[in-house]
Amino acid sequence: MSSNVRVRFAPSPTGYLHIGGARTALFNWLFARHNNGIFLLRIEDTDQQRSTEEATQAILDSMKWLGLDWDEGPYYQSQRLSIYKQYAENLVAQGKAFYDTDAEGRKAIRFKMEDGVTEFNDLIHGNITFDTALIEDFVILKADGFPTYNFACVVDDADMEITHIIRGDDHISNTPKQISLYNAFGFKLPEFAHIPMILGEDGSRLSKRHGATSVTEYRDKGYLPHALVNFLALLGWSPGNDQEILSIQEMIEKFSLKRANKTSAQFNNTKLDWMNGQYIKNTSVEQLTLEVKGFFEKSGIDMKKIPAVWLANLVKLYHERFKTFQDLLNQTGFFFTDAVEYDQAAVDKFLKKEGIADLLKEAYLVLSLVDNFDKQSLEDCLRTLTAKIGIGFSKVAQPLRVAITGRSVSAGIFETMELLGKEKTLKKLDSTIVTLGKTFESVKVDAEPSSA
RNA sequence: GCCCCCAUCGUCUAGCGGCCCAGGAUGCCAGGUUCUCAGCCUGGAGACAGGGGUUCAAAUCCCCUUGGGGGUACCA
């Protein structure tokens with residue numbers, strides 16, 4: 001069943017789609033889908049200086065990545081110049097607008113603001129009143145023949161029969177101008193819903209200095225689009241119960257402007273990370289493996305030599321341990337290199353002890369004798385070793401972990417060795433034993449070469 | 001400066017006059033599981049910006065103050 005609801009997302013292509021814009025797009029999209037209405041996309045490229053094709057493409061890509069599909073458009077305002085001109089001249093003919101030349105000699109058309117009171121009922125804020133005497137006659141058609149935002153917006157929204165204007169509340173103060181325009185033309189007024197803005201983590205306006213602010217950056221850092229959508233949906237809206245993880249379908253079913261907030265929200269990367277982790281845990285290993293492959297490839301790892309089964313095992317081992325694909329890459333980088341990159345703190349804590357080299361050599365020896373290099377055999381092997389020496393298991397597990405992975409933190413040591421394989425495990429271990437003798441000064445070890 | 005919007009734990013929020021000495025999530029702290037971390041489980045600390053009203057009763061309604069955000073362009 002369709003309805004007459006028609007909404008739009010109308011970004012200006014002067015930069016990437018940022019988080020705030022994405023949330024506005026999402027609310028429009030959810031509103032349209034919930035009401036079986038139409039969601040259309042309109043590119044407001046009326047600023048010839050700042051609009052770029054790259055930005056337009058980035059916005060379209062971001063929308064697609066997020067899954068925000070549109071039913072009409074994208075329409076480009078730059079292709080509708082004659083329409084705006086016609087409407088503007090019509091206003092001049094009616095005496096509601098006039099030509100004006102500024103100090104720089106630029107000739108533009110200005111709209112005559114009538115003194116009075118403009119009041120409208122915002123779907124989110126309720127009644128909002130403005131004294132239009134405080135608003136000056138504003139330009140509607142610039143000297144370059146392009147319309148200004150307020151003008152093009154009204155002409156298009158009326159022409160495209162937009163029923164609900166859902167946009168950031170930074171547009172509240174534009175609304176009286178637009179309403180005056182609607183009235184001047186005799187257009188039917190749409191409903192207005194001004195949703196709060198998204199602020200940076202420090203509560204100030206979201207800007208580049210807050211780190212990642214564009215949708216593409218989140219994509220490139222290995223976030224899942226649904227997680228971002230879910231997170232964004234909960235910024236300024238809630239389903240009314242304690243549910244935080246919602247499928248797209250659930251969001252559509254439950255979405256309502258009545259449950260949208262008036263208060264601006266601060267973007268919180270930490271919670272986004274948690275949510276992305278939740279989505280990763282709820283995504284199958286098969287699916288993740290596919291995406292991880294693509295992500296690792298883009299990150300410069302030669303995946304052609306990596307068997308699919310092996311990668312799936314890696315993903316399985318880290319399934320509950322990583323929050324983003326970038327995070328996974330950071331944690332598992334050592335699997336893809338021969339050299340061991342040491343974390344200094346880990347070395348200081350676990351390798352700079354007397355007798356460590358000997359202990360690792362013993363470990364090397366027994367490990368080299370393990371035929372089936374699987375986690376069970378490895379566990380039996382190492383537990384036997386520590387029992388024989390008479391030390392706690394962690395006394396060997398940690399040095400071994402640092403020796404092989406370079407860090408004090410990793411997935412289970414047996415699983416890690418199994419996945420790494422006997423050859424590479426021994427190679428890394430040997431490399432550490434050698435390094436211990438050479439450069440980890442303050443450690444007294446014999447200069448004899450490590451056994452192989 | 002002027003105009004507009006907003007105000008519940010650090011953060012995201014539930015709450016729409018009594019069910020709230022305020023619930024959930026995240027983050028943080030502690031304990032458990034354990035080869036480390038993560039995860040998971042259990043517990044804990046943590047908020048109605050301040051001041052006036054209205055009312056038998058206010059986080060919820062009104063006013064003021066303060067704080068934050070937005071606008072004031074031939075930007076959108």
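The sequence lines fix the lettering, A, B, ..., with proteins before strands; numbering per chain opens at 1. Since we're looking at a predicted model, the values are computed, not measured.
- Rounded to whole Å, the C1' atom of rA47(B) lies 9 Å from the corresponding atom of rA22(B).
- Nucleic acid contact for Gln266(A): sugar-phosphate only, since backbone atoms but no base atoms lie under 4.0 Å from a heavy atom of the residue.
- Of the options Leu30(A), Leu224(A), Leu66(A), a side chain to side chain contact (heavy atoms under 4.5 Å, CB included) to Val229(A) is made by Leu66(A) and by none of the others.
- Atom NZ of Lys395(A) sits in a sparse spot, with 12 or fewer heavy atoms from other residues, nucleotides or ligands closer than 6.0 Å.
- Counting any heavy atom pair closer than 4.0 Å across all strands shown, Arg167(A) reaches no nucleic acid atom.
- Although no hydrogens or angles enter the test, the distance criterion places a donor-acceptor pair under 3.5 Å between the side chain of Trp310(A) and the main chain of Leu419(A).
- Nucleotide rU34(B) has no partner under the Watson-Crick or G-U criteria, as no pair reaches both atom distances under 3.5 Å.
- Among the atoms of the strands shown, base atoms are found under 4.0 Å from some heavy atom of Gly412(A).
- Taking atom P on both nucleotides, rA45(B) is separated from rA38(B) by 23 Å, rounded to a whole Å.
- When Watson-Crick and G-U wobble pairs are counted only if both distances are under 3.5 Å, rG10(B) pairs with rU26(B).
- Among the protein residues, Arg42(A) comes within range of no part of the nucleic acid, since none of its heavy atoms lies under 4.0 Å from any strand.
- For rC63(B) and rU54(B), the C1' atoms lie 11 Å apart once the distance is rounded to whole Å.
- Between Phe322(A) and Phe295(A), the ring centre distance reaches or exceeds 6.0 Å.
- Heavy-atom contacts of chain A under 4.0 Å fall on RNA chain B between two terminal nucleotides, which in 5' to 3' order are rC3(B) to rA76(B).
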Exercise. Given side-chain hydrogen bond (donor to acceptor under 3.5 Å, both in side chains), test Tyr84(A) with Asp156(A) step by step and report yes or no.
Key: CA-CA 9 Å; Tyr84(A) 309 123; Asp156(A) 284 347; 2.6 Å; yes

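- Contact annotation for Thr263(A): backbone-only contact, meaning every heavy-atom pair under 4.0 Å involves sugar-phosphate atoms and none involves a base.
- Of the charged side-chain nitrogens involved, at least one lies within less than 4.0 Å of a carboxylate oxygen, so that Lys271(A) and Glu244(A) count as a salt-bridged pair.
- Sequence order on RNA chain B of the closest nucleotides to Arg401(A) and Leu234(A) puts Leu234(A) first from the 5' end.
- For the C1' atom pair drawn from rC48(B) and rG32(B), the interatomic distance equals 35 Å after rounding to whole Å.
- When both distances must be under 3.5 Å, the Watson-Crick or G-U wobble mate of rG1(B) is rU72(B).
- Atom C1' of rU8(B) sits at a distance of 23 Å from the matching atom of rC29(B), rounded to the whole Å.
- Taking atom C1' in both rA25(B) and rC62(B), one finds a spacing of 33 Å when rounded to whole Å.
- Lys96(A) places a side-chain N or O within 3.5 Å of a backbone atom of Ala184(A) that can act as its donor or acceptor partner.
- For rU60(B), there is no paired nucleotide, since no Watson-Crick or G-U wobble pair has both relevant distances below 3.5 Å.
- At the heavy-atom level, Thr46(A) lies under 4.0 Å from the strands shown only through sugar-phosphate atoms.
- Across rC5(B) and rC61(B), the matching P atoms stand 16 Å from one another, rounded to whole Å.
- Residue-level contact check: Asp131(A) touches neither bases nor backbone, having no heavy atom under 4.0 Å from any strand.
- Within the nucleic acid shown, Ala143(A) comes within 4.0 Å of at least one base atom, counting heavy atoms only.
- Looking at which nucleotide of RNA chain B each of Phe322(A) and Gly236(A) is closest to, the 5′-most match is held by Gly236(A).
- Here rA45(B) sits opposite no nucleotide as a Watson-Crick or G-U wobble pair (both hydrogen-bonding atom distances under 3.5 Å).
- Taking atom C1' on both nucleotides, rG15(B) is separated from rC9(B) by 14 Å, rounded to a whole Å.
- At a threshold of 4.0 angstrom between heavy atoms, the contacts of Asp102(A) include nucleobase atoms, whether or not backbone atoms are also involved.
- Using a 4.0 Å cut-off between charged side-chain N and carboxylate O, Lys323(A) and Asp273(A) make no salt bridge.
- Within the nucleic acid shown, Phe138(A) has no heavy atom closer than 4.0 Å to any nucleic acid atom.
- Backbone-only contact: Thr129(A) has heavy atoms under 4.0 Å from sugar-phosphate atoms and none from a base.
- Between Phe111(A) and Leu91(A), the shortest heavy-atom contact is CD1-CD2, 4.1 Å.
- Among the protein residues, Ala411(A) comes within range of the nucleic acid bases, having at least one heavy atom under 4.0 Å from a base atom.
- Residue contacts for Gln278(A): at a heavy-atom cut-off of 4.0 Å it reaches the sugar-phosphate backbone alone, with no base atom in range.
- Among the heavy atoms of the strands lying under 4.0 Å from His171(A) is at least one base atom, whether or not backbone atoms are also near.
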